[in-house]
Novice: 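Handing you a structure now.
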Amino acid sequence: MKLIPYWLDTAEPSGDYRSTPVPENVDVAIIGAGFTGLSAALEFAQQGASVAVLERHTVGWGASGRNGGMATTGLAIGFSTAVKRYGEERAVEYFREYNDAIDSIEKLVHDHAIDCDFNRFGKLSLAYHESHNAGFRKSQELLAKLVDHHVTLIPKSEIHSEIGTDFYQGAMMDPLGAGLHVGKFVHGLAGAAANAGAQICENAGVTELKKVSGTVHDLHTTRGITRAKQVLVATSGYTGRITPWMQRRVIPVGSFIIVTEQLPEDVVNRILPNRRQASDSKMLTYYFRITPDNRLLFGGRARFALSSPDSDVKSAEILRKAMIELFPYLSNAKVDYIWGGLVDLSMDQMVHAGVHNGLYYSLNYSGHGVQMAAHMGKKMARYMGGDKQANVWEDLKNPAVPGHFGPPWFLPFIGGAAKIIDRIS
């Protein structure tokens, strides 16, 4: 087994940016070379701005290379909840932003000829309990009525038309959901940004931010200092001590993934005959899909812990048992890859983007970051250029997590509560 992300191991890097000099002055400095940072860098560079992307590790090392490779419709909180919380008009606006985000990925792939196996196979939401089907029905009705967006309900009696297990009690299918090879995509974005003139600096972790005035900052990195007229923080679940106000608003939750060996065609056709991007309705969600080379990727919040080699291995054991519970015919399938990463949850499970004390940020994708991160990079470039309409999330309240000033000591309590909810819901 390899303790590295399958996506990064099977993608060709767009370049070696470890020796790219850290420039002394730029119009825009971006912290983080993931989807948000690289998408923003590409947009800024195309506008003619000088831009540096400062990455502590390498391109895609963080959440952008550690996810499930799913770009799916809908908010983390669900459309019905969004309507109750924000009213119909705002809920519709937020929902459509996610659809626009998938379109953004598709356009980036097309415009820059990024070969990343992008396909709209659809999203399959699976009911863990029979009672969860009622929520699917309500969502179907509201989406059709308010958004003119149409999904299909699948009763348990027809579940095998979509998935080769009896574990679930029904499903809802949205045809607009997409999957992609995120390793190839993130390196494609990096290549496009570099070709447009962006300077990508790997192994250049930001160690200190010193405000000069307004939005101007000096960024001290492990490879030099740069002064930027504007700074965009794009650090997702890896937001840390150099931006303490943002760190207090990001809950870094470990999400873990296993990927099997390549499976025979008849087996993958049995697991997910229509190649949907699948996830279930538990609080401790399982999510899974077939990779472009016929492996099963199976992930979830197996343990409410941070990612580390030891934690990843323990989580992989839990996930393999869960995979076999769902698909007993995979009991002899070998696991080739295991890894973990951090999801950037927020108190309200909504995206938060804007500016605080002269620093711009886009964070808190809450497990739906593949599409929204790539989308918000482009949007933040426009927002930072003065287009306030580009950021639909600006007006959302962004509360800090009570008592959160460093390592997330509270994760075991969140995990325990989630397990109880899954048992009784």
Side-chain angles (χ1 to χ4, degrees), residues 1-10 34-35 60 62-72 76 117 121 123-126 128 163 165 167-168 177-183 185-186 236-237 252-261 263 268 271-272 275-309 311-327 330 333-345 365-371 373 411 415 418-419 422:
M1 291 188 297
K2 296 183 178 182
L3 289 169
I4 55 175
Y6 158 83
W7 303 120
L8 298 181
D9 193 47
T10 56
F35 294 150
S64 295
R66 296 174 181 272
N67 56 76
M70 305 177 185
T72 54
D117 304 291
F121 288 130
K123 171 189 176 182
L124 188 66
S125 302
L126 295 152
Y128 177 57
I163 187 169
T165 182
F167 188 80
Y168 295 109
L180 65 155
H181 189 303
V182 290
F185 179 61
V186 75
S236 187
V253 175
S255 193
F256 304 90
I257 293 175
I258 60 175
V259 172
T260 69
E261 63 185 335
L263 301 171
V268 294
I271 297 169
L272 287 166
R275 301 298 189 269
R276 312 286 191 209
Q277 316 302 303
S279 64
D280 66 23
S281 58
K282 299 196 309 300
M283 288 287 289
L284 297 175
T285 304
Y286 295 146
Y287 54 90
F288 42 93
R289 56 159 294 181
I290 303 299
T291 66
D293 59 350
N294 279 2
R295 304 169 186 266
L296 177 64
L297 178 150
F298 192 95
R301 296 182 185 108
R303 302 165 65 247
F304 266 71
L306 299 180
S307 176
S308 68
S311 184
D312 292 355
V313 170
K314 290 179 180 177
S315 297
E317 294 170 356
I318 295 170
L319 288 173
R320 187 174 186 278
K321 289 178 182 177
M323 178 186 76
I324 294 171
E325 182 181 13
L326 266 65
F327 310 109
L330 295 181
K334 295 179 181 178
V335 172
D336 280 354
Y337 293 89
I338 64 175
W339 73 89
L342 299 178
V343 176
D344 54 339
L345 298 181
Y365 300 123
S366 298
H368 288 59
V370 171
Q371 66 279 37
L411 288 186
K419 288 179 182 178
D422 281 339

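Nothing here was measured: the structure is a model prediction, and the numbers come from that model. Scope of the values below: all heavy atoms of this structure, side chains included, with no hydrogens, waters or symmetry mates.
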Novice: Walk me through it: do Q277 and L272 pass the test side-chain contact (heavy atoms from CB on, under 4.5 Å)?
Specialist: CA-CA 9 Å; Q277 316 302 303; L272 287 166; over 6 Å; no
Novice: Decide yes or no for F327 and L296: does some side-chain heavy atom of the first lie under 4.5 Å from some side-chain heavy atom of the second?
Specialist: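 Result yes, sub-4.5 Å side-chain heavy-atom pair found.
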Novice: Using side-chain heavy atoms (C-beta onward) and a distance below 4.5 Å, is L263 in contact with I271?
Specialist: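 They are in contact (side-chain heavy atoms under 4.5 Å apart), so the answer is yes.
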Novice: So F288 and L319, do their side chains get closer than 4.5 Å, heavy atoms only?
Specialist: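 The answer is no; the side chains never approach within 4.5 Å.
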Novice: Less than 6.0 angstrom separating the ring centers of Y365 and F35, yes or no?
Specialist: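 No, too far apart.
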Novice: Working to the nearest 0.5 angstrom, can you tell me the gap between N294 CG and R275 CZ?
Specialist: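 If I round to the nearest 0.5 Å, the distance is 5.5 Å.
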Novice: Taking the side chain as every heavy atom from C-beta outward, state whether F298 and L326 have any atom pair closer than 4.5 Å.
Specialist: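 Yes. Closest side-chain heavy atoms under 4.5 Å.
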Novice: H181: which residues meet the side-chain hydrogen bond (donor to acceptor under 3.5 Å, both in side chains) condition with it, sequence neighbours left out?
Specialist: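 With sequence neighbours excluded, H181 shows a side-chain hydrogen bond (donor to acceptor under 3.5 Å, both in side chains) to T10, given in chain and number order.
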Novice: Which heavy-atom pair separates A316 from I338 by the least distance, and what is that distance?
Specialist: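 Taking every non-hydrogen atom into account, CB-CG2, 3.5 Å.
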Novice: If every non-hydrogen atom of P5 is compared with every non-hydrogen atom of G65, which pair is closest and at what distance?
Specialist: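 Looking at all heavy atoms of both residues, the closest pair is CB-O, 3.2 Å.
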Novice: State which residue, out of N67, I257, T72, L126, fulfils the side chain to side chain contact (heavy atoms under 4.5 Å, CB included) condition with Y287.
Specialist: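 By the side chain to side chain contact (heavy atoms under 4.5 Å, CB included) criterion, Y287 pairs with just one of N67, I257, T72, L126: I257.
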Novice: Rounded to the nearest 0.5 Å, what separation is found between the OG atom of S255 and the CZ atom of R66?
Specialist: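 It is 11.5 Å, given to the nearest 0.5 Å.
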Novice: If only atom types and distance count, is the side chain of R289 paired as donor or acceptor with the main-chain N or O of G69 below 3.5 Å?
Specialist: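 A pair under 3.5 Å: yes.
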Novice: Nearest 0.5 Å, what's the NE2-CE distance between H368 and M70?
Specialist: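 H368 atom NE2 to M70 atom CE measures 10.5 Å (nearest 0.5 Å).
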Novice: Over all heavy atoms of both residues, which pair between S236 and A63 is shortest? Give the atoms and the distance, please.
Specialist: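 Taking S236 first and A63 second, the nearest heavy atoms are OG-CB, 3.8 Å.
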Novice: Would K2 pass as a cation-pi partner of Y6, given that its NZ or CZ must be under 6.0 Å from the six-membered ring centre and within 45 degrees of the axis?
Specialist: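 Not satisfied by the 6.0 Å and 45° rule.
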Novice: Supply the atom-to-atom distance Y168 OH to Y128 OH, rounded to the nearest 0.5 angstrom.
Specialist: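 Atom-to-atom, Y168:OH and Y128:OH are 8.5 Å apart.
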Novice: Just so I know, are the side chains of Y337 and R295 near enough to count as touching, which here means a heavy-atom distance under 4.5 Å?
Specialist: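 Result yes, sub-4.5 Å side-chain heavy-atom pair found.
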Novice: State the CG-CG distance between L3 and D312, to the nearest 0.5 angstrom.
Specialist: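 Output value for this atom pair is 6.5 Å.
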Novice: Please find the pair of heavy atoms, one from G60 and one from V186, that lie closest to each other, and give the distance.
Specialist: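 Distance-wise, the nearest heavy atoms are CA-CG2, 3.9 Å.
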Novice: Indicate the atoms forming the closest heavy-atom contact of S64 with G34, along with that distance.
Specialist: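 Taking every non-hydrogen atom into account, OG-CA, 3.3 Å.
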Novice: To the closest 0.5 Å, what do you measure between OG1 (T291) and CG (L297)?
Specialist: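 Here the interatomic distance stands at 7.5 Å.
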Novice: Got a donor-acceptor contact below 3.5 angstrom from the D280 side chain to the Y286 backbone?
Specialist: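 Checked: pair present.
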Novice: How close do P292 and W7 get, heavy atom to heavy atom, and via which atoms?
Specialist: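 Answer, listing the atom of P292 first, then W7: CD-CZ3, 4.3 Å.
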